[in-house]
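Before any comments, here is the structure.
Read the numbers this way: they start at 1 and go in the same order the structure lists the ligands and their atoms.
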Amino acid sequence: MNSQNLFEALRAAFPEDLDQIAIETTSASGEPLHYSWRDLDRASARMANLLASLQLPAGSRIAVQVEKSVEAVMLYLATLRAGHVFLPLNTAYQSAEIEYFITNAEPAVVVCTPANFGWVSKIAFTSGVGHVYTLGDDRTGSLLERAMHHSDAQQCVARKADDLAAILYTSGTTGRSKGAMLSHGNLLSNAQTLKDYWGWQKDDVLIHALPIFHVHGLFVALHGAMLNGSPMIWFSRFEPGAVIDSMQRATVFMGVPTLYVRMLADARLTREAASHMRLFISGSAPMLVETHGEWQQRTGQVILERYGMSETIMLTSNPYGPDKRHDGQSERKAGTVGFALPGVEVRITNEEGRDLPVGEIGGIQVRGPNVFSGYWRMPEKTAEEFTADGWFKTGDLGRIDERGYVSIVGRSKDLIISGGYNVYPAEVEGFINELPGVAESALVGVPHADFGEVGVAVVVPKPGVELDAQTIIGALKTRLANFKIPKRCLVVSELPRNTMGKVQKNLLREQYREH
Ligand code: MCA
Ligand code: AMP
């Protein structure tokens with residue numbers, strides 16, 4: 001079989017001299033650490049051999065909730081090499097959330113931080129998971145100890161393009177999270193397209209400052225650098241000053257708008273500081289036109305904004321250079337997410353699913369080799385989100401102008417994007433409504449200078465009950481990831497409803513904008 005394992009394509013792009021630095025970072029205690037391409041190759045081989053020794057069926061899920069570290073990247077590569085499916089989980093998730101992911105995905109292996117081993121392993125073993133390992137961000141934990149006993153050479157397991165490589169959970173507008181199934185072919189085709197479209201160059205150095213449990217940090221950034229054999233300057237946490245200082249030794253940066261806003265607030269960001277950089281890319285959430293403009297004024301560089309989803313990886317991008325498909329246009333247009341990527345089709349449709357003319361606002365649909373095959377074990381949900389002719393309904397609303405630039409103007413899905421993380425009001429409301437004394441609630445997104453948008457909870461008590469907003473927030477903190485916690489909670493006597501009885505969130509959004 002002609003294997004199309006994504007790892008083989010990444011490995012083939014490693015530089016000839018494997019002793020060159022692949023990742024430069026600092027240890028948890030601040031010591032400089034350097035990993036060569038050989039280190040990545042050998043350590044991921046050891047971990048892949050450890051996974052092979054467990055004799056799991058091909059395509060087993062390997063669920064991973066660990067702090068950002070280079071060893072976590074090795075584990076991702078090892079999972080690909082061993083022919084299994086990587087399932088990354090946000091480190092902020094609490095036990096109720098983890099329990100859902102483990103019972104839904106039925107992983108064969110769970111890897112967690114040493115600090116969380118007690119509660120995570122309890123959930124895992126109760127759910128029938130066979131193996132739980134730990135991995136710390138300081139090169140500690142049972143995963144590395146066990147992997148050390150295995151060979152550092154490994155024959156990559158053959159995979160077909162449509163075999164699964166990863167599952168990324170993305171919350172549903174109703175009900176629980178859905179696992180978007182991404183194949184080796186989805187990931188590789190998108191990475192190759194971006195390599196060409198963003199003009200990756202021989203001497204590029206990527207600043208990697210994003211979490212590695214989402215599409216942005218794990219796939220777009222990591223695959224981008226690896227497929228080009230480019231080294232990375234690696235930050236386990238985003239610190240504006242440290243990132244700005246590293247720009248003199250780097251050429252490419254990728255971030256969500258909050259990272260740009262925070263760097264703009266730092267006086268060290270100057271034209272001089274950014275002069276070595278070739279490309280700043282933003283995505284995951286809308287970037288304000290003002291932020292785009294301020295960045296250009298301060299650094300002389302024009303941010304390239306692109307648009308993606310867990311289900312589709314990247315689907316549109318502003319051009320890096322002249323785009324031949326669009327009369328050589330090269331403008332990186334603020335407030336737009338650019339053109340459909342080469343090989344990816346994007347269209348705007350009305351509610352009946354008919355194509356809309358240029359400039360009109362409708363639902364954004366996408367088709368191409370980047371689009372996932374469906375939601376894990378949810379055939380009905382999958383069928384609902386695809387049209388009969390194979391287009392995926394993004395749930396975003398947008399328009400395409402006469403020049404071909406796509407703009408996102410809203411969402412038909414009820415979703416709040418806060419600092420690049422998605423918060424699904426239905427999920428948070430579900431938890432609030434279960435609290436004693438609560439009759440009903442609504443979570444709405446309001447503008448926020450740092451996170452772009454944040455959630456405000458509006459809660460109605462049961463008759464005769466007095467609710468305290470701080471108690472509600474406190475109770476939520478024990479159940480939900482911290483970024484999902486409403487930044488404000490207001491107790492009111494009723495929620496505004498339309499004649500159909502539906503809560504009018506647009507009115508609440510207007511009313512509580514200033515909060
Ligand atoms: C942290 N907090 C937040 C968020 N992050 N609140 C709302 N939204 C957030 N995103 C809160 C915490 O709950 C905590 O509150 C306080 O801020 C400090 O937490 P800490 O962890 O120290 O925050 P931080 O380190 O300053 O993190 C902010 C951040 C981070 C660096 C902007 O959120 C981040 O890395 N965002 C990037 C997410 C990302 O990579 N998204 C890509 C998704 P308290 O103290 O009250 O508990 S991929 C995607 O969307 C698609 C496919 C695409 O197109 O890329
Ligand atoms: P996720 O579920 O984390 O994959 O988030 C995907 C969603 O993020 C998309 O459906 C969009 O609503 C949003 N998104 C991603 N990139 C952009 C962008 N550049 N501008 C506006 N929204 C974006």
Among all protein non-hydrogen atoms, which one is nearest to atom 2 (O) of ligand 2, and what is the separation to 0.1 Å?
-> N422 ND2, 2.6 Å

Report yes or no: do S183 and D162 form a side-chain donor-acceptor pair below 3.5 Å?
-> no

Applying ring pair (Phe, Tyr, Trp, His ring centres under 6.0 Å), name anything that partners F372, two or more places apart in sequence or on another chain.
-> Y375, F386, F392

Salt bridge (Lys or Arg N to Asp or Glu O under 4.0 Å) filter on R403, not counting sequence neighbours, yields E331

Is a side-chain donor-acceptor pair under 3.5 Å present for N318 with Y405?
-> no

Report the relative orientation of the aromatic rings in H208 and W234; use parallel for angles under 30°, tilted for 30 to 60°, perpendicular for over 60°.
-> tilted

Between Y169 and Y100, what is the ring plane arrangement, given parallel below 30°, perpendicular above 60°, and tilted in between?
-> perpendicular

Salt bridge (Lys or Arg N to Asp or Glu O under 4.0 Å) against R332, all qualifying residues, sequence neighbours excluded = none

For atom 19 (N) of ligand 2, grab the closest protein heavy atom and report residue, atom and distance to one decimal in Å.
-> R306 O, 2.7 Å

Does T394 reach ligand 2 with a nitrogen or oxygen that is under 3.5 Å from one of the ligand's nitrogen or oxygen atoms?
-> no

Write out the residue and atom name of the closest protein heavy atom to atom 7 (C) of ligand 2, then the distance separating them to 0.1 Å.
-> G308 O, 4.0 Å

If you count only heavy atoms, which residues are under 4.0 Å from ligand 1?
-> L210, P211, H214, V215, H216, R237, V256, T258, L259, R262, S284, R306, G308, M309, S310, M314, S418, G419, G420, Y421, F451, N482, F483, K487

Ligand 2 and S282, any nitrogen or oxygen pair closer than 3.5 angstrom?
-> no

Report the nearest protein non-hydrogen atom to atom 13 (C) of ligand 2: residue, atom name, distance rounded to 0.1 Å.
-> I417 CD1, 3.4 Å

Is the shortest N/O to N/O distance between D396 and ligand 2 below 3.5 Å?
-> yes

Is the NZ or CZ atom of R61 both under 6.0 Å from the centre of the six-membered ring of F101 and within 45° of that ring's axis?
-> no

